[in-house]
Amino acid sequence: MSLKLAVLDSGSGTNFQAMVDAVRRGALDADIRLVICNRPGAKVIERAKAAGIICAVMDHKLWPSREAYDLAVADAILKSGADTVALAGYMRMLTPGFLNAFPHRVVNIHPALLPSFPGIHGAADAQAWGVKITGCTVHLVDEIMDHGEVIIQAAVPAIAGEPLDDLQNRIHAQEHRIYPQALQWLAENRIKMDEDGRSLHLLPGSRPLAAPSPGVLVSPPLEEGF
């Protein structure tokens, strides 16, 4: 089943680009219907144009409230025909009105191993704490910041004294692998929620597993093409 996808992005759009690239190489069965950017001038706008994908620039400052803005964004997504929403560097909390329009179909990528180090400075906070392992997490979105059910995580080493940019670059490289993988599992309807309403399980698939990158642990394992 092809995923009808909308992407919300506030910045450079590198995770959006990873999705586009995965679609092009046949690893992600998705129809990216729409990109919505809340920051005029953001790099993702150029990326969407280059990919031939509609990008709606909806400056949140022009709406009277967060709730009103989110309802307008949800309406635009529904009119595009998308049924799944991927947050890619989207720097806004979503309100219940938005989440109720796409129940269990809003996903996000976070640059840390949740539930540790939620918030906008996940990688920097992990480094400041002095952890030896950090990484990134794709998760479902709920009303609490960086709280929803985990779909997939990738772990990378954190090296004492290294520049933050080096750590972030390693994390970003894994984000660009695991986010399209998580979306492909959604496209294949393989992600199921346990009865406890908290744990997600991955149903078996047909693609062979990819060889792991040196020094990187991904759980559940990536499949061929990611």
Peer 1: If every non-hydrogen atom of Ala155 is compared with every non-hydrogen atom of Leu113, which pair is closest and at what distance?
Peer 2: CB-CD1, 4.2 Å

Peer 1: Linking Ile, Leu, Val, Met, Phe, Trp and Tyr by side-chain heavy atoms under 4.5 Å, what else ends up with Met145?
Peer 2: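 Once heavy-atom contacts under 4.5 Å are chained together, Met145 belongs with Met93.
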
Peer 1: Kindly give the heavy-atom pair with the smallest separation between Ala182 and Ile151, and that separation in Å.
Peer 2: CB-CG2, 3.8 Å

Peer 1: Any side-chain heavy-atom pair from Glu175 and Pro111 closer than 4.5 angstrom?
Peer 2: yes

Peer 1: Among Ile191, Leu183, Leu87, exactly one meets side chain to side chain contact (heavy atoms under 4.5 Å, CB included) together with Val107. Which residue is that?
Peer 2: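 Among Ile191, Leu183, Leu87, the one that satisfies the side chain to side chain contact (heavy atoms under 4.5 Å, CB included) with Val107 is Leu183.
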
Peer 1: Sub-3.5 Å donor-acceptor pair from the side chain of His110 to the main-chain atoms of Phe117, do we have one?
Peer 2: yes

Peer 1: Sequence neighbours excluded, which residues qualify as ring pair (Phe, Tyr, Trp, His ring centres under 6.0 Å) partners of Phe102?
Peer 2: Phe98

Peer 1: Indicate, with yes or no, if Val23 and Met19 share a hydrophobic cluster defined by side-chain heavy-atom contacts under 4.5 Å among Ile, Leu, Val, Met, Phe, Trp and Tyr.
Peer 2: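 Yes; Val23 is reachable from Met19 via cluster members.
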
Peer 1: Under the side-chain contact (heavy atoms from CB on, under 4.5 Å) rule, collect the residues that match up with Ala173, sequence neighbours excluded.
Peer 2: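 For Ala173 there are no side-chain contact (heavy atoms from CB on, under 4.5 Å) partners, ignoring immediate neighbours.
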
Peer 1: Which atom pair, heavy atoms only, marks the closest approach of Pro180 to Ala22?
Peer 2: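 Residues Pro180 and Ala22, closest heavy atoms: CB-CB, 3.7 Å.
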
Peer 1: So, using salt bridge (charged side-chain N to carboxylate O under 4.0 Å, His left out) as the criterion, who are the partners of Lys192 when residues are at least two apart?
Peer 2: none

Peer 1: How many angstroms lie between atom NE2 of His172 and atom CG of Leu167, to the nearest 0.5 angstrom?
Peer 2: 9.5 Å

Peer 1: Could you list all the salt bridge (charged side-chain N to carboxylate O under 4.0 Å, His left out) pairs where at least one residue sits in residues 21-31, not counting sequence neighbours?
Peer 2: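 Pairs touching residues 21-31 that pass the test: Asp31-Arg33.
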
Peer 1: Tell me which donor-acceptor pairs under 3.5 Å the side chains of residues 74-81 have, and how far apart each pair is, sequence neighbours excluded?
Peer 2:
residue: Asp75; atom: OD2; partner: Lys79; partner atom: NZ; Å: 3.0
residue: Ser80; atom: OG; partner: Ile77; partner atom: O; Å: 2.6
residue: Ser80; atom: OG; partner: Ala82; partner atom: N; Å: 3.3

Peer 1: Hey, does the Lys NZ or Arg CZ of Arg92 hover above the aromatic six-ring of Tyr69, less than 6.0 Å from the centre and inside 45° of the axis?
Peer 2: yes

Peer 1: Any non-hydrogen side-chain atom of Asp70 less than 4.5 Å from a side-chain atom of Leu94?
Peer 2: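 Asp70 reaches Leu94 side chain to side chain.
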
Peer 1: Please output the side-chain donor-acceptor pairs of residues 208-220 that fall under 3.5 Å, not counting sequence neighbours, one pair per line with the distance.
Peer 2:
residue: Ser213; atom: OG; partner: Arg177; partner atom: NH1; Å: 2.9

Peer 1: Suppose we screen for ring pair (Phe, Tyr, Trp, His ring centres under 6.0 Å). Which residues come up paired with Tyr90, at least two apart in sequence or across chains?
Peer 2: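 Partners of Tyr90 by the ring pair (Phe, Tyr, Trp, His ring centres under 6.0 Å) criterion come out as none, since no residue qualifies.
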
Peer 1: Of all the heavy-atom pairs spanning Ala123 and Gln168, show the shortest one and how long it is.
Peer 2: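 In this case the closest contact between Ala123 and Gln168 is CB-CG, 3.9 Å.
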
Peer 1: Distance from Trp129 atom CH2 to Gln127 atom CD, nearest 0.5 Å?
Peer 2: 14.5 Å

Peer 1: Say whether Trp63 and Ile36 are linked into one hydrophobic cluster, either directly or through other cluster members, by side-chain heavy-atom distances under 4.5 angstrom.
Peer 2: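 Yes, Trp63 and Ile36 fall within the same hydrophobic cluster.
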
Peer 1: Between Arg190 (side chain) and Leu202 (backbone), is there a donor-acceptor pair under 3.5 Å?
Peer 2: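 No; judged by distance alone, with no hydrogens or angles, the pair does not exist.
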
Peer 1: What residue pairs, at least two apart or across chains, pass salt bridge (charged side-chain N to carboxylate O under 4.0 Å, His left out) with a residue in residues 162-174?
Peer 2: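 Qualifying pairs: Glu162-Arg170.
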
Peer 1: Look at the side chain of Gln181 and the backbone N and O of Glu223, then say whether any donor-acceptor pair between them is shorter than 3.5 Å.
Peer 2: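 Yes: the side chain of Gln181 pairs with the backbone of Glu223.
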
Peer 1: With hydrophobic residues grouped by side-chain heavy-atom distances under 4.5 Å, do Val20 and Val44 end up in a single group?
Peer 2: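 Same cluster: Val20 reaches Val44 through Ile, Leu, Val, Met, Phe, Trp or Tyr contacts under 4.5 Å.
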
Peer 1: Can you measure from CG (Asn38) to CG (Leu8) and round to the nearest 0.5 angstrom?
Peer 2: 8.5 Å

Peer 1: Would a 4.5 Å heavy-atom cut-off, applied to side chains only, mark Met193 and Leu200 as touching?
Peer 2: yes

Peer 1: To the nearest 0.5 Å, what is the distance between NE2 (His104) and OG1 (Thr84)?
Peer 2: 12.5 Å

Peer 1: Can you tell me how far the CD1 atom of Ile32 sits from the CG atom of Leu3, to the nearest 0.5 Å?
Peer 2: 9.0 Å

Peer 1: So for atom NE2, which belongs to His60, do other residues, nucleotides or ligands contribute more than 12 heavy atoms lying within a distance under 6.0 Å?
Peer 2: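 It does: His60 NE2 has more than 12 such atoms within range.
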
Peer 1: Check whether Val150 and Tyr179 end up in the same hydrophobic cluster, where Ile, Leu, Val, Met, Phe, Trp and Tyr are linked by side-chain heavy atoms less than 4.5 Å apart.
Peer 2: no

Peer 1: Show every donor-acceptor pair shorter than 3.5 Å between a side-chain atom in residues 133-140 and any protein atom, with sequence neighbours excluded, or say none if there are none.
Peer 2:
residue: Thr137; atom: OG1; partner: Ala112; partner atom: O; Å: 2.7
residue: Thr137; atom: OG1; partner: Leu114; partner atom: N; Å: 3.1
residue: Thr137; atom: OG1; partner: Gln153; partner atom: NE2; Å: 2.9
residue: His139; atom: NE2; partner: Asn108; partner atom: ND2; Å: 3.2

Peer 1: Answer yes if Val7 and Val106 sit in the same cluster of Ile, Leu, Val, Met, Phe, Trp and Tyr residues linked by side chain heavy atoms under 4.5 Å apart, and no otherwise.
Peer 2: no

Peer 1: Show me the pairs that pass salt bridge (charged side-chain N to carboxylate O under 4.0 Å, His left out) and involve residues 129-148, at least two apart or across chains.
Peer 2: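 Checked against salt bridge (charged side-chain N to carboxylate O under 4.0 Å, His left out) - neighbours excluded - no pair reaches residues 129-148.
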
Peer 1: To the nearest 0.5 Å, how far apart are CG in Leu222 and CD1 in Ile152?
Peer 2: 5.0 Å

Peer 1: Side chain to side chain contact (heavy atoms under 4.5 Å, CB included) with Arg105: which of Val85, Leu186, Val141, Leu5?
Peer 2: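 Filter result, single survivor: Leu186.
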
Peer 1: Only pairs under 3.5 Å count here: list side-chain donor-acceptor contacts from residues 46-56, not counting sequence neighbours, and write none if there are none.
Peer 2:
residue: Glu46; atom: OE1; partner: Lys43; partner atom: NZ; Å: 3.3
residue: Arg47; atom: NE; partner: Ser12; partner atom: O; Å: 2.6

